[in-house]
Student: 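If you scroll down you'll find the structure; I have some questions about it.
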Amino acid sequence: MTIGWKRRDLLIWLLEVPCGAVLAALGLGGRKARAKEQGYDADGHSYGMGIQVDKCIGCGRCVEACKSENDVPREPFYFRTWVERYVFDAAGEVKVDSPEGGIKGFKPTDEHEEILRAFFVPKLCNHCDRPPCVQVCPVGATFRTEDGVVLVDKDYCIGCRYCIQACPYGARYLDPRTRAADKCTFCYHRITKGLLPACVEACPTQARVFGELELRVSPLRRLMRMSRLQVLKPYLNTQPRVFYSGLDGEVR
Amino acid sequence: MGEHFHHLASIAQQISGFIYPNEIELHWGLLIVVYPYITGLVAGAFILASLEKVFHVKEVEPTYRLALLTALAFLLVAPMPLVAHLGHPERCFEIFLTPHLASAMAMFGFVYAWYLAVVLLLEIWFDYRADMILWRREMRGLKKFFYWLLSLCSSDVSAKAVDFDRKAVYRITIIGIPSAFILHGYVGFIFGSVKANPWWSSVLIPIVFLFSAIVSGIGLILLLYYLTTLMRGKKLDMACLDTLASFLLYALIVDFSLETLDFIHRLYESEESIDILSQLIFSKLFISLTIVQILLGTLGPIGILASVRVLRIPQELKRVCYFIAALLVQVGIFSTRWNVVIGGQLFSKSLRGLTVYKVELGGAEGVLTALALLALPFFILWVLVKILPPWEDARPAQPESSTL
Amino acid sequence: MRLFRAPGQIVRLAILFVIVASVLISVRRRFVPPSFGELGHYRADAIKEVAAQPIKYAGWQACVDCHAAEAEMKNRSYHRGLACEVCHGPSHDHAEDPISHTPAVPRKRGEVCLYCHAYLPARPTGFPQIDERAHNPMEPCIKCHNPHDPSPPAVPESCSACHGQIAKMKAVSHHASLSCERCHEAPAEHRTNPRAYLPKKPTQRDFCGQCHAAEAKDGPEVPRIDLATHGGRYLCWQCHYPHFPES
């Protein structure tokens with residue numbers, strides 16, 4: 001019916017204009033404007049990290065390098081990355097520890113206990129493709145860049161700590177000096193200049209490899225080819241970009 | 001900051017098992033327990049008020065206006081614990097500037113504004129408008145001017161206008177009921193949607209929060225009605241109290257059933273987190289959950305209220321029973337909030353360890369601040385009651401009006 | 001005076017709403033940060049701010065530019081995978097201005113070496129580890145080991161230098177009296193170039209049968225089995241852990 005259609009079109013137009021005005025007023029147009037800086041184009045990169053659990057010796061140099069590079073508070077309550085030790089005894093029971101995040105290495109376990117297997121697992125922010133922390137930030141102070149890195153805007157963060165609650169991996173903390181949320185940034189200030197993250201740089205056994213997920217030639221690519229890869233807590237569907245090779249089923 | 005580190009270092013000594021290094025600091029403390037308690041009272045008080053307006057439960061009419069004012073008093077205080085808890089309270093307005101629509105917490109701004117302005121303030125205004133105009137006629141000077149402003153400069157008390165007011169109140173209450181559900185339900189959703197935390201992540205949490213809110217709201221109005229009536233030296237309307245107690249009992253039963261369902265469901269499915277959560281319940285939360293929340297806060301009041309219905313007891317004793325039940329309910333619901341908020345942070349997301357929460361006495365997150373925030377609404381209520389008395393005998397002579 | 005057809009209450013509320021709304025909208029315009037929303041729901045400037053953080057670690061490339069000799073020595077040695085700054089600390093300032101900023105030079109025992117080389121059973125087997133209390137106590141590590149080419153001054157005599165956990169486990173087991181060489185044939189080069197020259201492992205059940213078969217010539221304390229039937233098709237070490245057979 002022609003009359004019905006006309007009215008419908010008019011109604012839709014009447015809705016679009018104020019809604020559009022509201023959206024524009026709210027700044028939610030979502031258009032990708034300029035912001036392609038000279039020299040570094042985030043669009044052309046897609047970062048990821050690989051961790052070979054079998055190679056980690058638990059020296060903790062990565063934790064030290066990270067704290068130095070990123071000026072993380074030295075107290076043992078704030079870590080952008082840390083190393084956990086898993087020790088399975090003869091009965092198959094596991095003990096996990098991470099003394100001060102592993103920054104001073106680990107102390108030997110009880111020498112008289114039989115060890116079934118033991119290993120170290122480095123942990124850090126997984127820079128998920130579906131980050132629950134970004135989802136819950138009420139003001140837009142944490143976000144995912146186009147090159148896949150999840151960052152925190154410490155000048156905009158209100159310190160509500162919802163993101164810290166939402167991270168399944170315990171990767172976030174509240175910086176006591178800025179009173180804003182903080183976490184690993186994949187050393188964004190380094191990788192955008194062609195350097196490696198501090199923890200990758202420091203690792204003496206190359207247990208950590210860093211690279212571009214889409215690059216054909218890189219240590220990360222080799223890892224993706226040669227190993228069976230796992231991620232932490234896959235059932236939460238956060239789609240992390242940190243891949244573990246040789247990860248034990250008991251690791252949470 | 002040094003004191004803070006000292007505090008964290010002492011907590012580190014009391015950890016059992018393994019927690020992620022960053023989990024030493026417990027992030028949502030006492031203030032975040034106080035917040036859902038307060039918004040719960042708001043939602044519950046409003047639902048009670050709606051019983052009279054929309055469901056025509058005439059017996060609770062004496063509490064209608066009191067419930068509205070109570071809801072307003074508590075709603076005004078509600079954002080305070082949140083702002084006090086932020087790392088940057090001075091940036092709190094960012095939630096209104098650039099709300100991230102994917103975040104349940106961002107909805108706080110809209111839901112709060114909606115509920116305050118469109119539901120509560122509007123309903124109170126419509127309900128009191130005619131009375132404010134009639135009261136004004138007896139006043140002089142500044143007071144008269146103040147009430148003139150409050151009534152938004154209107155002077156129409158014709159039957160048509162008053163009729164419009166009544167219809168408006170009815171319609172707003174109808175909108176208000178789902179709004180109250182959303183106001184407190186979204187707080188439950190804030191917790192319930194965190195998939196990282198198995199204690200919180202549950203479909204039932206928003207529903208359980210809502211029913212605990214209704215329980216605490218009805219309990220609070222019962223207490224307030226009781227106390228204010230006695231303080232004014234008036235006679236208690238027993239029919240009103242009986243009805244309030246009945247609804248409190250029904251709400252308690254539903255609330256308890258939902259919580260039991262959640263418990264049975266968890267135990268039955270026995271997912272990965274069951275071991276650490278069982279440890280949590282039987283060690284850290286034993287007193288606050290089993291003793292305070294369940295026994296004192298739920299089963300106790302259910303027992304008291306059910307007995308009162310079944311047994312024949314004199315009125316004086318009945319009133320005291322109601323009072324005790326309503327008081328226990330407040331303790332129980334506060335404990336519920338505590339068990340959800342604090343309980344969810346006492347175990348590690350590695351599911352391998354437990355930590356502790358040490359409440360401080362002073363400071364921004366201390367007991368004194370929490371008590372002050374819990375006491376403040378009563379002062380605000382006192383002021384509101386002075387400006388807009390909710391009592392039957394304070395009403396001016398009503399002009400002629402058609403009934404709804 | 002009734003200007004509109006709507007009831008007075010609605011008119012008043014509408015006016016109030018318009019006033020409040022315009023105040024809110026204009027406040028919003030003023031206070032939303034300039035770059036917000038350009039790339040997504042965040043301040044686009046924040047990316048620049050994060051990327052502008054000062055650099056502390058120069059990276060291996062920067063060291064090689066001036067310290068080519070040490071770098072070359074290190075890259076042929078066991079420490080080829082070890083970045084310079086792990087031991088010498090963050091040196092970006094030094095790379096920018098070598099004279100004014102000098103990196104740390106750890107010389108004391110235990111300053112850096114023990115983080116990696118102190119014995120920990122959880123470390124992967126084959127990684128060189130020492131018992132800190134027993135291995136030349138009180139001496140600085142660099143007295144015998146050049147950090148840029150840390151080959152030990154003497155070729156390790158016992159396998160426990162790199163296979164400490166296995167050695168410790170075996171030392172308290174029933175196989176304590178068996179030397180590693182008894183079962184593992186290792187070429188001499190394995191001690192200096194372990195990954196390129198791997199030791200052999202026995203591949204037949206007969207090997208263990210030398211001691212454990214019913215007919216073997218050994219003392220009665222050695223447990224005997226019927227080699228033909230015990231364990232079906234499996235090789236012995238597919239069930240038994242030779243370094244700790246009683247487990």
Side-chain angles (χ1 to χ4, degrees), chain A residues 26-28 63 73 75-80 82 84 94-103 123 132-143 155-162 164-181 183 233 235-238 251-252, chain B residues 1-2 4-5 7-9 11-12 17-29 32 82-83 85-109 190-191 193-198 200-201 272 341 344-345 348-353:
Chain A
L26 288 173
L28 296 175
V63 185
E75 286 75 17
F77 319 119
Y78 311 104
F79 294 92
R80 291 188 173 199
W82 66 98
E84 297 172 3
V94 62
K95 273 211 184 65
V96 186
D97 69 332
S98 183
E100 296 192 23
I103 199 172
K123 295 265 195 90
C133 57
V134 172
Q135 190 182 15
V136 300
C137 177
V139 297
T142 186
F143 53 93
D155 292 323
Y156 205 63
C157 174
I158 62 175
C160 73
R161 316 192 197 212
Y162 200 4
I164 303 176
Q165 300 288 357
C167 175
Y169 308 109
R172 287 176 170 253
Y173 58 90
L174 196 86
D175 190 324
R177 300 160 308 186
T178 62
R179 282 175 298 131
K183 67 174 193 69
K233 303 200 181 180
Y235 49 88
L236 292 181
N237 198 29
T238 53
V251 176
R252 293 286 167 273
Chain B
M1 237 179 2
H4 183 56
F5 295 150
H7 173 75
L8 291 178
I11 289 178
F18 170 72
I19 66 171
Y20 295 139
N22 285 328
E23 284 181 325
I24 285 181
E25 187 168 356
L26 197 134
H27 291 283
W28 284 352
I32 307 300
L82 294 182
V83 175
H85 154 266
L86 290 179
H88 282 274
E90 75 281 5
R91 295 180 191 166
C92 64
F93 59 88
E94 286 174 9
I95 262 190
F96 294 98
L97 285 189
T98 59
H100 186 207
L101 301 180
S103 165
M105 199 182 275
M107 301 323 294
F108 164 71
I190 282 188
F191 293 99
S193 61
V194 177
K195 61 187 173 187
N197 191 320
W200 290 346
S201 173
E272 194 182 31
V341 177
Q345 300 171 82
S348 166
K349 292 198 181 78
S350 69
L351 308 180
R352 293 190 194 278

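Below, read A as the first sequence line, B as the second, and so on, with proteins coming before strands; counting in each chain starts at 1.
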Student: Who are the side chain to side chain contact (heavy atoms under 4.5 Å, CB included) partners of B/M107, not counting sequence neighbours?
Tutor: B/F110, B/V111
Student: Select, from A/G140, A/C167, A/P76, A/G101, the one with the greatest count of heavy-atom pairs under 4.5 Å involving chain B.
Tutor: A/C167
Student: Out of B/G17, B/G109, B/P21, B/P89, return the one with the most heavy atom pairs under 4.5 angstrom to chain A.
Tutor: B/P21
Student: Which answer fits A/A171, side chain, backbone, both or neither, if we ask what part of it has an atom under 4.5 Å from a heavy atom of chain B?
Tutor: backbone
Student: Between A/T142 and A/R172, is there a side-chain donor-acceptor contact under 3.5 Å, judged purely by atom types and distance?
Tutor: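 Distance-only check passes for A/R172 and A/T142.
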Student: Between B/I19, B/L351, B/L86, B/I95, which residue shows the highest count of heavy-atom pairs closer than 4.5 Å to chain A?
Tutor: B/L86
Student: Chain A heavy atoms under 4.5 Å from B/I11: which part of the residue, side chain, backbone, both or neither?
Tutor: neither
Student: Which of the residues A/Y173, A/F79, A/Y169 is involved in the greatest number of heavy-atom pairs with chain B at under 4.5 angstrom?
Tutor: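 So the answer, after comparing A/Y173, A/F79, A/Y169, is A/F79.
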Student: Less than 4.5 Å to any heavy atom of chain B: does that hold for the side chain of A/K233, its backbone, both, or neither?
Tutor: side chain
Student: Below 4.0 angstrom, N of the basic side chain to O of the carboxylate: do A/R161 and B/E25 qualify?
Tutor: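 A salt bridge links A/R161 with B/E25.
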Student: Please flag which part of B/S201 lies under 4.5 Å from any non-hydrogen atom of chain A: side chain, backbone, both or neither.
Tutor: neither
Student: Taking all heavy atoms of A/Y162 and all of B/I190, pick out the closest pair and write down the distance.
Tutor: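 Between these two residues, the closest heavy atoms are OH-O, 2.6 Å.
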Student: If you count heavy-atom pairs under 4.5 Å between each of A/C157, A/P132, A/G102, A/A180 and chain B, which one has the most?
Tutor: A/C157
Student: What part of A/E84 gets closer than 4.5 Å to chain B, counting heavy atoms only: side chain, backbone, both or neither?
Tutor: side chain
Student: Can you give me the closest heavy-atom contact between B/L82 and B/I32, atom names plus distance?
Tutor: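 Minimum heavy-atom contact is CD2-CD1, 4.1 Å.
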Student: Quick check on A/Q135 against chain B: is it the side chain, the backbone, both or neither that has a heavy atom closer than 4.5 Å?
Tutor: both
Student: Output the option from B/W200, B/F108, B/F5, B/F191 having the highest count of non-hydrogen pairs under 4.5 Å with chain A.
Tutor: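 Heavy-atom pairs under 4.5 Å are most numerous for B/F5.
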Student: Determine yes or no for a side-chain-to-main-chain donor-acceptor pair under 3.5 angstrom, with B/K195 supplying the side chain and A/L236 the backbone.
Tutor: yes
Student: If you define the side chain from C-beta out and look only at heavy atoms, does anything of A/T238 sit under 4.5 Å from A/P168?
Tutor: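 Yes, at least one pair of side-chain atoms sits under 4.5 Å.
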Student: Heavy-atom pairs under 4.5 Å with chain B are the metric here; pick the option from A/R179, A/Q165, A/R252 that has the most.
Tutor: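 The answer is A/Q165.
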Student: Sequence neighbours excluded, which residues qualify as ring pair (Phe, Tyr, Trp, His ring centres under 6.0 Å) partners of A/F143?
Tutor: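 Expected list: C/Y42.
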Student: Do the side chains of B/E94 and A/Y156 get nearer than 4.5 Å, heavy atoms only?
Tutor: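 Answer yes - side chains close enough.
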Student: Using a cut-off of under 4.5 Å for heavy-atom pairs, which of B/H4, B/E23, B/H85 has the most such pairs with chain A?
Tutor: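 Answer, by heavy-atom pair count under 4.5 Å with chain A: B/H85.
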Student: Under a 4.5 Å cutoff for heavy-atom pairs, which residue among A/G159, A/A141, A/P138, A/C160 has the most contacts with chain B?
Tutor: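 Option with the top pair count is A/P138.
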Student: Of the non-hydrogen atoms in B/R352 and A/V94, which two are nearest, and what is the gap between them?
Tutor: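 It is NH1-CG1, 3.2 Å.
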